[in-house]
Amino acid sequence: VTVGAGAVLEGVHRHVEAAGLELAVDLAARGTATIGGMIATNAGGTRVLRHGSMRAQVLGVEAVLGDGSIVSHLGGLLKDNTGYDLAGLLCGSEGTLGIVTRARLRLVPSLPERVVVLVGTADLDAAIACFVAARDGAPSLEAAEVVFADGIDLVCAHLGLAAPFPAPQPVALLLECRGRTDPTAELLDALSPVADRIGATAVADSAARGRELWRYREAHTEAINAVGIPHKLDVTLPLREMASFRVRVRDAVASVAPHARTYLFGHLGDGNIHVNVVAPRRGAAVPDVVDGVVLELVAAAGGSISAEHGIGTAKRSYLRLARSDAEIAAFRRVKAAMDPSGILNPNVLFPQ
Ligand SMILES: Cc1cc2nc3c(=O)[nH]c(=O)nc-3n(C[C@H](O)[C@H](O)[C@H](O)COP(=O)(O)OP(=O)(O)OC[C@H]3O[C@@H](n4cnc5c(N)ncnc54)[C@H](O)[C@@H]3O)c2cc1C
């Protein structure tokens, strides 16, 4: 599909649905996020596990560069090795290289059958074992999201929802599979070798129940925002580091902000955890030093300091934790070539 950069994700979903197709990137901000913004941030979302992030969907773009020239390559060919991949370069460029005006996006067939299962476990290691079993045993796996008891309690209080399980579970893993035929048996078979690690399950027996189970995950952002303005750290970790990071990040935050609350949730399938640090009541502040403490921990564990939200202005002083001087120098030369006067998002990405 070829769309204008201002098209909103939800509208694009509706438009291509009529042809039995889907744009494979989906995220909770679907009602406001534009295709241009999603390309500029290389948005990820809940289906990266199966389909990749925005960069994997973009077959071509039209854009205005900083010098006013227009580049357009919208032919939509899958194979096209005719020089530099400008579309790929604009993905994740955070508006620093060009203004995207149109895009040609790959679509995938809409798979009619789905199952959503919320798996409760005693700890994160058990949740990871369940995810790995599902990933290896169920090719129809499309999403694997993780939330924790404190976040679920907050969401339930904020939205007035009932708890998802009869008895509280410290960790909840949300799995979604999709296929041409009902993938429920495939997913449950895949989980059977790790049955002893599972404390409780909630299986959606209808589309409406599936949406309800997703609310426990997708409402985290709004429930946390209702407590206060959070420091948002959006990080990736190697799966093997995830469980120890969870413990260490709470200790690290407590060492500089003892009264803050730290909520973790995210896309377990991609190793992507959102760390949200918020003061326990409105008006109280979390010191900025929290960002550095958390991001240094991530870098030391071999992770990424920005999984999908980008560097922007808030994280640019930390870019050196993730990128070498030589890489940043190469970034600057690319920026100078495409935006010679430095007029596009001049305060974004680069360390001062
Ligand atoms: C509730 C919620 C859930 C979210 N979940 C996810 C998630 O799961 N995964 C994920 O990756 N992100 C997620 N996000 C972030 C979301 O992807 C981005 O907010 C969104 O993609 C950006 O689109 P936007 O139109 O709002 O862009 P804006 O916020 O307006 O802009 C974002 C950046 O892109 C630049 N930009 C915007 N349009 C263009 C253009 N046409 N050309 C060049 N640069 C441009 C802007 O200058 C800015 O630097 C979430 C956000 C919210 C609020």
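Just so it is clear, the model here is predicted, and its values are computed rather than measured. Excluded from the calculations below are hydrogen atoms, water molecules and symmetry mates; all remaining heavy atoms, backbone and side chain alike, are included. Whatever order the structure lists ligands and atoms in, that order sets their numbers, starting from 1.
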message: Give me the nearest non-hydrogen protein atom to atom 11 (O) of ligand 1 as residue plus atom name, then the distance to 0.1 Å.
response: G44 N, 2.7 Å
query: Would you find more than 12 non-hydrogen atoms of other residues, nucleotides or ligands less than 6.0 Å from I229 atom CD1?
result: no
message: Below a 4.0 angstrom heavy-atom separation, can you tell me which part of T41, side chain or backbone, both or neither, approaches ligand 1?
response: side chain
message: Tell me the protein heavy atom at minimum distance from atom 26 (O) of ligand 1, and give that distance in Å.
response: A33 CA, 4.0 Å
message: What I want to check is whether the side chains of T181 and E113 have a donor and an acceptor closer together than 3.5 Å.
response: no
query: Side chain of T121, backbone of D123: donor and acceptor closer than 3.5 Å?
result: yes
query: Does E176 reach the main-chain N or O of L141 with its side chain, forming a donor-acceptor pair under 3.5 Å?
result: no
- line: heavy-atom search around atom 38 (N) of ligand 1 in the protein gives G37 N, 3.4 Å
statement: heavy-atom search around atom 6 (C) of ligand 1 in the protein gives L27 CB, 3.8 Å
field: Option of least heavy-atom distance to atom 9 (N) of ligand 1 (set: H220, E308, E145, R217)
entry: E308
- request: Just go through T34, N225, I311 and tell me whose heavy atom is the nearest to atom 24 (P) of ligand 1.
  value: T34
- prompt: How are the rings of H274 and H309 set relative to one another: parallel (under 30°), tilted (30 to 60°) or perpendicular (over 60°)?
  reply: parallel
query: Between E10 and R30, is a salt bridge (charged side-chain N to carboxylate O under 4.0 Å, His left out) present by the stated rule, with each step listed?
result: CA-CA 5 Å; E10 203 163 54; R30 62 183 73 80; 5.3 Å; no
- request: May I ask you to check whether S53 and N42 show a side-chain donor-acceptor distance below 3.5 Å?
  value: yes
- prompt: Can you list the ligand 1 atoms lying under 4.0 Å from a non-hydrogen atom of E94?
  reply: 49 (O)
message: If you scan the protein for heavy atoms around atom 16 (C) of ligand 1, do you find one that is closer than 4.0 Å?
response: no
message: Suppose we measure from atom 21 (O) of ligand 1 to each protein heavy atom; which comes out shortest, and what is that distance?
response: M38 CG, 3.2 Å
- prompt: Is the shortest distance from atom 28 (P) of ligand 1 to a protein heavy atom below 4.0 Å?
  reply: no
- prompt: Atoms of ligand 1 less than 4.0 Å from G98 heavy atoms?
  reply: 43 (C)
field: Any donor-acceptor pair under 3.5 Å from D67 side chain to S69 backbone
entry: yes
- request: With heavy atoms only and a cut-off of under 4.0 Å, state how V348 meets ligand 1: side chain, backbone, both or neither.
  value: neither
- request: Just go through V61, V48, N345, I39 and tell me whose heavy atom is the nearest to atom 48 (C) of ligand 1.
  value: N345
- prompt: Would you call D125 and R246 a salt bridge, taking side-chain N to carboxylate O under 4.0 Å as the test?
  reply: no
- request: Around atom 41 (N) of ligand 1, find the nearest protein heavy atom and jot down its residue, atom name and distance.
  value: V100 O, 3.0 Å
Element-labelled atoms of ligand 1 that are located less than 4.0 Å from some non-hydrogen atom of H267: 8 (O)
- prompt: So, the side chain of E327 versus the backbone of S324: is there a donor-acceptor pair under 3.5 Å, distance only?
  reply: yes
query: Does A307 have a heavy atom less than 4.0 Å from any atom of ligand 1?
result: no
task: Return a yes/no value for H274: is any of its N or O atoms, backbone included, closer than 3.5 angstrom to an N or O of ligand 1?
output: no
message: Strictly distance-based, threshold 3.5 Å: is any side-chain N or O of K335 a donor or acceptor partner for the main-chain N or O of T96?
response: yes
- prompt: At a 4.0 Å cut-off, with the gap strictly under it, does some heavy atom of M54 reach an atom of ligand 1?
  reply: no
query: Taking non-hydrogen atoms only, is E222 closer than 4.0 angstrom to ligand 1 via side chain, backbone, both or neither?
result: neither
- request: May I ask you to check whether A43 has an N/O atom sitting below 3.5 Å from an N/O atom of ligand 1?
  value: no
query: Looking only at protein heavy atoms, which one is nearest to atom 45 (C) of ligand 1, and how far off is it?
result: A40 CB, 3.5 Å
query: Can D325 and R320 be counted as an ion pair, charged N to O under 4.0 angstrom?
result: yes
field: L349 vs R316 side-chain heavy atoms within contact, under 4.5 Å
entry: no
Nearest non-hydrogen protein atom, atom 52 (C) of ligand 1: A29 CB, 3.4 Å
